[in-house]
Amino acid sequence: MTVDVPQLVTQAREGRPRAVARLISLVEGASPQLREVMAALAPLAGGAYVVGLTGSPGVGKSTSTSALVSAYRKAGKRVGVLAVDPSSPFSGGALLGDRVRMSDHASDPGVYIRSMATRGHLGGLAWAAPQAIRVLDAAGCDVILVETVGVGQSEVEIASQADTSVVLLAPGMGDGIQAAKAGILEIGDIYVVNKADRDGADATARELNHMLGLGEARGAGDWRPPIVKTVAARNEGVDEVVDALEKHRAWLEKHDVLHERRERRAAREVETIAVTALRERIADLSGDRRLGSLARRIVAGELDPYAAADELVAGLTGG
């Protein structure tokens, strides 16, 4: 069913949650009107500060996200939350439980919470996350909190989608050992040791600080990721996290890094859309004579797979 995109965008700008929900649904469903939606949103987006929260399962991402929402609301900010949950590999469904854990904000008109399923997309985010972020941005959110699924060490895609990446750890969950490994603990702009009332919190913070000290050399004026200890369930340390976020945003703007990150984010989004379009076109060739002919030549030893791929790409792009 065709929708009135300009009217939806206007209603979303007015803060109507149903309009925002409908726009994100058009994004998630890859609606035929998706291009019209993105064209309408393009001049309206760019004002929101995007914060990514990631970490292993059980570190308290949803609780921390909820606490940050409360802190930003006290400061009079409109907040959007994009909470990504893993999809079942069998049914394709997702629990989408983050909305349950953040139910305290459900009746606040200044907060919009949206759960999204990964639908098999790796890296901790849903494939439609960049466009959903743009919807929330254009809808007038001052801050957008993106909570990833918590898939573990490989969950690094958030670093390419957020202005500031927050990595959460908790004592007693093996995160100290993980600090010595490459991956998720290399992407943080801010590190939060949550559940700091547990034994081992100080040791986790010390080890993390040590590992950061062993990292790449930083020059004068470079950003050094701070380590903040919190007990998000009791709202302890949350103001310190917000302070660290604001300091990082100021540093990004002062050194023109914020603009660079957003340009890289846009470039990655364009690349993803283009690659997806090419994959769809290749999929359409599954019964095409060109693909079958190339396959026969490979089996016969007349052509190698790389040369065959070059021919296929040239045929698809007209090159």
Considering the options K247, R249, R224, R261, which one meets the salt bridge (charged side-chain N to carboxylate O under 4.0 Å, His left out) requirement together with D189? R261
Taking C-beta and beyond as the side chain, do E260 and R264 meet within less than 4.5 Å on heavy atoms? yes
With a 4.0 Å cut-off, would you call R262 and D163 a salt bridge? yes
Excluding sequence neighbours, so at least two apart, what forms salt bridge (Lys or Arg N to Asp or Glu O under 4.0 Å) with D108? R73
With the side chain counted from C-beta on, respond yes when N194 and V59 share a heavy-atom pair under 4.5 Å apart, and no when they do not. no
Are Y112 and V135 close enough that some pair of their side-chain heavy atoms sits under 4.5 Å apart? no
Residues passing the salt bridge (Lys or Arg N to Asp or Glu O under 4.0 Å) test with D310, sequence neighbours excluded, are none
Let me know which of V192, I190, L168 forms a side chain to side chain contact (heavy atoms under 4.5 Å, CB included) with L53. L168
Value for CG (L252) from OG1 (T164), rounded to nearest 0.5 Å, stands at 5.0 Å
Contacts of D239 meeting salt bridge (Lys or Arg N to Asp or Glu O under 4.0 Å) (sequence neighbours excluded), chain-then-number -> none
List for me each residue that meets side chain to side chain contact (heavy atoms under 4.5 Å, CB included) alongside D4, sequence neighbours excluded, and say none if there are none. P6, Q7
First locate atom CG of L136, then atom CD1 of I113, and finally report the distance between them rounded to the nearest 0.5 Å. 11.0 Å
Check for a donor-acceptor pair, side chain of Q33 on one end and backbone N or O of V3 on the other, with a separation under 3.5 Å. yes
With no hydrogens and no angle check, just 3.5 Å: does a side-chain donor-acceptor pair link T10 and R16? no
Would you say L68 ends up clustered with V231 if hydrophobic residues are merged whenever their side chains have heavy atoms under 4.5 Å apart, either directly or through other cluster members? no
R78 side chain vs A139 backbone, donor-acceptor pair below 3.5 Å: yes
Measure the spacing between CG of D197 and CD of E236 and express it to the nearest 0.5 Å. 7.0 Å
Side chain to side chain contact (heavy atoms under 4.5 Å, CB included), paired with I144, selected from V51, I133, V81: I133
Roughly how far, to the nearest 0.5 Å, is the NZ atom of K229 from the CG atom of L169? 13.0 Å
Partner set under ring-ring contact (aromatic ring centres under 6.0 Å, His included) for H255, not counting sequence neighbours: W251
Listed partners of R206 passing salt bridge (Lys or Arg N to Asp or Glu O under 4.0 Å), at least two apart: none
Could you tell me if the side chain of R22 sits less than 4.5 Å from the side chain of Q11, heavy atoms only? no
Can you tell me how far apart OH (Y49) and CG (L145) are? Round to the nearest 0.5 Å. 10.0 Å
Between G200 and P171, which heavy-atom pair has the shortest distance, and what is it? C-CB, 3.6 Å
To the nearest 0.5 angstrom, please state how far the NZ atom of K195 sits from the OG1 atom of T204. 12.0 Å
Is there a side chain to side chain contact (heavy atoms under 4.5 Å, CB included) between I273 and Q131 once you walk through the steps? CA-CA 11 Å; I273 293 171; Q131 289 80 28; 3.9 Å; yes
Give a yes or no answer on whether the side chain of S66 reaches the backbone of S62 with a donor-acceptor pair at less than 3.5 Å. no
